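Below, chain A is the first sequence line, B the second, and so on; all start at residue 1. Model, not experiment: these values are computed from the prediction.
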Amino acid sequence: MSLRGLHLRNRYESMTTSRYNAREAETRWQKTWDQQGVFSTKNDDPRPKYYVLEMFPYPSGRIHMGHVRNYTMGDVVARYKRAMGFNVLHPMGWDAFGMPAENAAMVNKVHPKKWTYENIAAMKKQLQSMGLSLDWAREIATCDPAYYKHQQKMFLDFLKSGLVERKQSKVNWDPVDQTVLANEQVIDGKGWRSGAVVEQRELTQWFFKISDYSEDLLKAIDSLDRWPEKVRTMQRNWIGKSEGLLVRFALDPKTTPNKEDELEIFTTRPDTLFGAKFMALAPDHPLSLAAAAKNPKLAEYIAETRRHGTAQAEIDTAEKTGFDTGIKAVHPFDPSWQLPVYVANFILMDYGTGAIFGCPAHDQRDLDFVNKYGLGNVPVVCPPNVDPKTFIITDTAYDGDGRMINSRFLDGKTIDEAKEDVAKRLESGTRGNRPVAQRQVNYRLRDWGISRKRYWGCPIPVIHCEKCGVVPVPDKDLPVVLPDDVEFDKPGNPLDRHLAWKHVACPQCGGKARRETDTMDTFVDSSWYFARFTDPWIENKPTDRKMVDEWLPVDQYIGGIEHAILHLLYSRFFTRAMKKTGHAGMDEPFAGLFTQGMVIHETYHKADGTFVTPAEVKIEAAGGARKATLLTTGEPVSIGGIEKMSKSKRNTVDPDEIIGTYGADVARWFMLSDSPPERDIEWTEDGVQARWTFMQKLWRIVGEMTGIAKKAPAQKPNEFSERAMAVRKATHGALSKISDDIDKLRFNRCVAHIYEYSNTLSSAIGETEDSNAGDPDFAWAMKEAADILVQLFNPMMPHLAEECWAALGHKNLVAMQPWPKVEAALLVEDTLTLPVQVNGKKKAELTVKRDATNAEIEAAVLTLDEVRKALGGKPPKKVIVVPQRIVNVVA
RNA sequence: GUGGACGUGGCGGAAUGGUAGACGCAAGGGACUUAAAAUCCCUUGGGAGCAAUCCCGUGUGGGUUCGAGUCCCACCGUCCGCACCA
């Protein structure tokens with residue numbers, strides 16, 4: 001606990017008993033909810049379902065403020081939907097496999113299982129202290145054999161269905177973590193977790209054939225209308241569809257190393273074929289290698305290109321270079337037209353065929369290349385309204401729209417017409433007995449490599465037999481359980497060294513065999529946990545089809561934007577794979593997605609540049625300037641930028657400390673206030689204080705209203721005084737706005753409306769002191785107001801709400817109350833105050849009856865002094881009356 | 001480079017094309033108090049004026065409209081994603 005925290009706690013403890021004691025009340029209500037099973041969800045409940053899910057955490061040992069924000073948002077939705085009459089599923093679990101557990105094993109000599117389960121216990125306690133309305137009976141840990149048993153079963157089902165493939169491939173090897181990474185896990189040539197520069201290695205790997213679903217995954221993005229547009233765009237780009245043409249160019253065999261006579265290239269711009277100036281091959285292309293075998297200088301060039309890393313900075317600055325192989329290609333439309341074939345450093349073997357034709361006039365990379373080697377260029381697309389005779393390209397390629405020029409039979413056509421024409425002609429032409437070209441759709445999306453050379457993951461349930469090859473582990477032998485007795489004193493995979501576990505008899509022939517020692521990527525674990533939550537108890541299969549089909553898709557999924565691609569795309573694939581193998585009935589797992597912003601905080605550093613934590617710093621504001629000093633020594637501290645909370649910047653705030661000092665409700669309320677949920681939120685000490693003050697104010701208001709409410713008649717009065725009506729209108733106005741805001745996840749506006757409403761009630765209480773507070777209709781309105789106020793903030797501050805609800809005399813739990821109903825009649829005013837503008841600038845206001853006609857309003861407006869003055873005695877040109885909104889007089 | 005989002009007081013931020021700055025923070029002033037804390041009240045975009053009031057104002061410049069923070073075009077800036085993808 002920080003010194004500041006101590007200071008506040010002392011103050012808090014010295015306060016009078018009328019203060020709300022959050023710490024005491026919160027544990028008490030948590031116990032009550034638990035004992036009464038308020039948040040346990042029944043699968044046979046007949047009410048309509050609502051599935052709200054937050055991305056489950058990795059059990060690192062402690063929750064952080066990002067979790068607090070994420071889970072608070074989900075909890076507001078869950079509590080609100082529960083009150084709206086839905087059967088809400090709101091579960092929690094643990095993404096429990098992964099490298100940190102093994103790192104801990106290596107560093108601290110603690111077994112990954114022990115480390116993980118201790119962390120889970122600690123974090124569960126923290127989550128419970130937040131008062132989340134979770135059904136803990138459905139808790140899942142992915143490292144539990146009772147969970148991964150089903151994952152292994154599905155792996156085998158996928159294998160049978162052709163969704164899994166074992167292939168030799170170049171993989172990304174992380175030398176620090178000694179593990180394999182998926183392409184998606186390599187960021188800027190470095191491991192996404194370790195940050196080490198990734199090496200290329202040739203290994204046999206297990207793959208999920210996600211690329212079989214490229215088109216489906218792409219198309220279905222259109223249907224995900226409750227996903228952020230940003231995430232949809234990112235997924236579209238990731239799948240990276242491009243439509244083009246595979247073209248087989250003839251080679252002059254006299255010029256090729258081994259009499260090769262053909263080169264296949266991929267292009268998305270067949271229209272520019274008459275602007276071709278050269279061909280280029282990836283350094284790894286077979287033809288490049290064949291040529292290099294006979295040309296030491298080329299071999300040297302290729303070796304040189306390999307020395308350049310894939311690091312961001314290098315790619316950005318790398319010059320486009322090439323090496324003329326001397327090979328000549330023949331233009332498909334003109335046998336007399338030969339093109340030089342280069343090996344070039346900017347051609348990727350992984351994409352298309354690893355070979356291209358270069359059209360410099362309309363591709364910047366190709367233009368840079370020809371300008372370096374003096375190959376020239378011919379423009380073949382002329383922009384609109386430009387004279388083809390004078391159109392020349394020098395330094396900037398033209399990739400816009402236009403009409404074909406310098407292209408023989410294509411001249412005058414649009415780009416699309418030209419593409420179509422070229423495709424048709426080349427498809428019907430033949431070389432040997434095959435068409436010269438064929439249309440092809442390319443995707444950037446690669447298959448999902450799931451093999452990991454790690455211990456702490458789900459074992460891949462196959463056995464390698466010397467005679468039978470790859471043999472699936474029979475169902476009856478599932479799960480393949482991780483052995484407990486492993487050593488982490490050497491790098492590499494402990495499973496590979498565990499001979500007793502590794503060596504088994506082949507299930508088919510009984511001969512000598514060994515287990516697969518690779519384990520699955522942990523993204524597999526998180527690709528179906530949402531389905532398991534629907535019936536986590538079922539033992540003999542991964543899912544109960546009835547339950548999974550009823551509950552899924554998740555109605556509202558909430559988590560960080562960092563999972564926009566990997567986790568969400570894998571889960572979408574996995575759900576389809578589960579459908580294909582009969583484990584689920586839908587394609588899409590998440591109907592609604594919300595990505596919340598980060599929690600950020602000021603940074604503080606000492607003169608020597610080392611960061612210090614917010615808890616160690618004292619901040620003083622003097623004359624507008626803020627000064628920071630170290631609490632212990634008083635030495636001055638510089639205030640740095642506001643950044644994402646991170647261990648390295650030491651600008652983290654511990655949720656335990658906040659909850660222990662101010663209570664969970666204050667932490668929750670903070671997370672929902674001010675900043676729109678999708679944007680970053682800055683955690684500040686002033687902010688916490690303000691929320692704490694407001695929590696106490698709510699408690700006080702409800703306390704005072706309790707006194708008034710006691711005088712309320714049991715029956716709703718038939719008539720209400722103006723004063724009582726004003727309260728009722730405020731109540732139902734707040735109710736209407738807040739309901740709407742929660743529906744749309746606009747929590748910051750919701751919070752603002754609660755402030756506004758409580759201010760109104762606070763004034764209403766003030767007025768009762770000097771007037772007749774005993775009026776039964778007013779007392780009734782105040783009782784209604786108090787009840788609804790408590791229900792309105794209940795999803796956000798549930799503990800305070802229960803305490804208030806009890807203080808108001810209710811014997812039941814507010815957590816179980818239905819959401820109050822809006823009386824629509826109270827939202828409509830008899831009179832309206834319209835702003836009156838002259839030439840679009842506000843000059844006056846006009847109060848009219850609600851049903852006043854436009855003509856009446858117009859007449860009334862023209863009598864206003866301000867309007868007459870502005871018109872200067874002249875008649876208006878026009879008067880615009882927007883009903884219920886505004887009047888504008890045009891002078 | 002490319003795609004996208006955004007740009008509003010000292011700060012976080014409100015605002016179906018219709019009264020810009022709701023609500024909160026911070027700051028200043030006041031009440032209560034021996035004093036403090038707590039609480040309550042007032043002020044708080046800029047400028048002019050004793051005042052009523054007036055003028056200016058949502059990154060910059062244009063445009064559409066009776067009316068633009070909001071829509072369109074160009075530019076500047078910030079942030080994010082992707083990136084030698086043929």
Side-chain angles (χ1 to χ4, degrees), chain A residues 11 14-16 18-19 188 228-238 240-242 244-245 265-270 272 280 282 310 312 314-316 318-320 344-348 350-359 362-366 368-369 399 442-444 561 564-565 621 623-624 626 642 673-676 678-682 684-691 693-694 696-697 700 746 748-759 762 766 833-845 866 876-882 884-891:
Chain A
R11 203 164 74 199
S14 70
M15 280 160 193
T16 61
S18 68
R19 295 229 163 243
D188 301 348
E229 195 50 53
K230 187 181 176 178
V231 175
R232 301 208 287 172
T233 304
M234 284 164 76
Q235 293 218 346
R236 282 192 192 103
N237 292 342
W238 192 259
K241 180 180 184 173
S242 59
L245 209 57
I265 62 100
F266 177 70
T267 181
T268 55
R269 292 297 301 272
T272 63
T310 48
Q312 192 71 62
E314 287 195 65
I315 289 171
D316 280 347
E319 199 184 350
K320 286 165 188 50
N345 65 344
F346 63 98
I347 306 302
L348 307 173
D350 285 343
Y351 191 81
T353 61
I356 62 149
F357 79 83
C359 174
H362 305 289
D363 183 296
Q364 191 61 45
R365 293 160 307 182
D366 296 348
D368 292 346
F369 188 81
D399 60 1
N442 254 341
Y443 298 91
R444 194 177 156 274
I561 186 77
I565 298 172
R626 293 168 71 247
I642 301 161
S673 308
D674 290 3
S675 293
E678 69 280 6
R679 259 189 250 178
D680 291 351
I681 190 169
E682 189 193 353
T684 63
E685 190 61 25
D686 281 339
V688 194
Q689 296 277 0
R691 272 80 173 184
T693 301
F694 181 68
Q696 294 298 341
K697 182 177 171 176
R700 214 165 41 243
R746 293 188 293 209
N748 59 319
R749 300 210 321 183
C750 183
V751 163
H753 287 132
I754 287 177
Y755 273 108
E756 208 166 18
Y757 179 46
S758 60
N759 285 343
S762 188
T833 300
L834 299 176
V836 177
Q837 297 180 331
V838 176
N839 290 336
K841 289 191 176 181
K842 194 201 160 192
K843 293 290 177 189
E845 283 183 348
E866 293 89 342
K877 283 202 187 115
K878 203 172 173 186
V879 179
I880 292 147
V881 178
V882 184
Q884 323 282 313
R885 274 275 169 213
I886 202 166
V887 182
N888 192 15
V889 179
V890 185

Take A/Val838 and A/Lys843 through the side chain to side chain contact (heavy atoms under 4.5 Å, CB included) test and state the conclusion after the steps.
CA-CA 6 Å; A/Val838 176; A/Lys843 293 290 177 189; 3.7 Å; yes
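- A/Phe266 comes within contact range of at least one nucleobase, with a heavy-atom separation under 4.0 Å.
- Separation of the C1' atoms belonging to B/G13 and B/G7 is 13 Å when rounded to the nearest angstrom.
- Along RNA chain B, the nucleotide nearest A/Lys841 and the nucleotide nearest A/Arg746 are compared for position; the residue whose nucleotide lies closer to the 5' end is A/Arg746.
- Within the nucleic acid shown, A/Ile347 comes within 4.0 Å of at least one base atom, counting heavy atoms only.
- Comparing the P positions of B/C71 and B/U58 gives an interatomic distance of 15 Å, to the nearest angstrom.
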What one-letter contact string describes nucleotides 16-22 of chain B from 5' to 3', where B marks a base within less than 4.0 Å of any protein heavy atom, S marks contact via sugar-phosphate atoms alone, and - marks no contact?
B-BB--B
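- A/Thr684 comes within 4.0 angstrom of nothing in the nucleic acid, heavy atoms only.
- Atom pair A/Glu685:CD and B/C25:P shows a separation of 15 Å (rounding to whole Å applied).
- Checked against B/C82, B/G13, B/A26, the side chain of A/Ile565 finds its nearest nucleotide in B/C82.
- Residue A/Thr267 is in sugar-phosphate contact alone, with no base atom involved, counting any heavy-atom pair closer than 4.0 Å across all strands shown.
- Side-chain polar atoms of A/Lys697 and A/Asn759 form a donor-acceptor pair below 3.5 angstrom.
- Of the P atoms belonging to B/C80 and B/C75, the separation is 23 Å, rounded to the nearest Å.
- Look at CG on A/Asp366: it is 15 Å from P on B/C84, rounded to the nearest Å.
- You'll find that the side chain of A/Arg700 is closest to B/C40, out of B/C40, B/A38, B/C66.
- For B/G62 and B/C25, the P atoms lie 40 Å apart once the distance is rounded to whole Å.
- You'll find that the side chain of A/Arg444 is closest to B/A83, out of B/A83, B/C40, B/G13.
- When atom types are taken as modelled, the side chain of A/Asp366 and the backbone of A/Cys359 share a donor-acceptor pair closer than 3.5 angstrom.
- The gap from the C1' atom of B/A83 to that of B/C73 amounts to 28 Å, rounded to the nearest Å.
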A/Arg236 vs A/Glu229, salt bridge (Lys or Arg N to Asp or Glu O under 4.0 Å): CA-CA, chis, key distance, verdict
CA-CA 10 Å; A/Arg236 282 192 192 103; A/Glu229 195 50 53; 3.5 Å; yes
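- Atom NZ of A/Lys877 and atom P of B/G67 are 11 Å apart (whole Å).
- Atom pair A/Ile561:CD1 and B/C79:P shows a separation of 17 Å (rounding to whole Å applied).
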Quick one: do A/Phe266 and A/Ser242 satisfy side chain to side chain contact (heavy atoms under 4.5 Å, CB included)? Show the steps, please.
CA-CA 11 Å; A/Phe266 177 70; A/Ser242 59; 4.1 Å; yes
Pair A/Val887-A/Val879, side chain to side chain contact (heavy atoms under 4.5 Å, CB included): steps then yes or no:
CA-CA 7 Å; A/Val887 182; A/Val879 179; 4.0 Å; yes
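- Between B/C40, B/A86, B/C25, one nucleotide has an atom nearer to the side chain of A/Ala690 than all others, and that is B/C25.
- With rounding to whole Å, A/Glu678 atom CD is found 15 Å from B/G4 atom C1'.
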Derivation and outcome, side chain to side chain contact (heavy atoms under 4.5 Å, CB included), residues A/Ile561 and A/Lys230
CA-CA 9 Å; A/Ile561 186 77; A/Lys230 187 181 176 178; 4.2 Å; yes
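- In this structure, of B/A26, B/C84, B/A86, it is B/C84 that holds the atom nearest to the side chain of A/Asn345.
- With distances taken from any side-chain atom of A/Ser675 to the nucleotides B/C66, B/C85, B/G12, the minimum falls on B/G12.
- Put simply, CG on A/Asn237 is 9 Å from P on B/A83, counting in whole angstrom units.
- Looking at heavy atoms from C-beta onward, A/Phe357 lies in side-chain contact with A/Thr267 at the 4.5 angstrom threshold.
- Within the 3.5 Å criterion, the main-chain N or O of A/Gly687 finds a donor-acceptor partner in the side chain of A/Arg691.
- Rounded to whole Å, the distance from CD1 on A/Ile754 to C1' on B/A14 is 16 Å.
- Between A/Glu682 and A/Val889, the one whose closest nucleotide on RNA chain B sits nearer the 5' end is A/Glu682.
- With B/C23, B/C85, B/C56 as the candidates, the nucleotide lying closest to the side chain of A/Asn759 is B/C23.
- Of the possible polar contacts, one joining the A/Asn888 side chain to the A/Gly840 backbone as a donor-acceptor pair under 3.5 Å is found.
- A salt bridge does not link A/Asp674 to A/Arg679: none of the charged side-chain nitrogens sits closer than 4.0 Å to a carboxylate oxygen.
- Spacing between B/C55 and B/G81 at atom C1', rounded to whole Å, works out to 45 Å.
- Helical stems of RNA chain B (runs of at least 3 Watson-Crick or G-U pairs, donor-acceptor distances under 3.5 Å) are listed by first residue: B:1-7 with B:76-82, B:10-12 with B:23-25, B:27-31 with B:39-43, B:45-48 with B:53-56, B:59-63 with B:71-75.
- When the C1' atom of B/C79 is taken as reference, atom CE of A/Met234 falls 13 Å away, rounded to whole Å.
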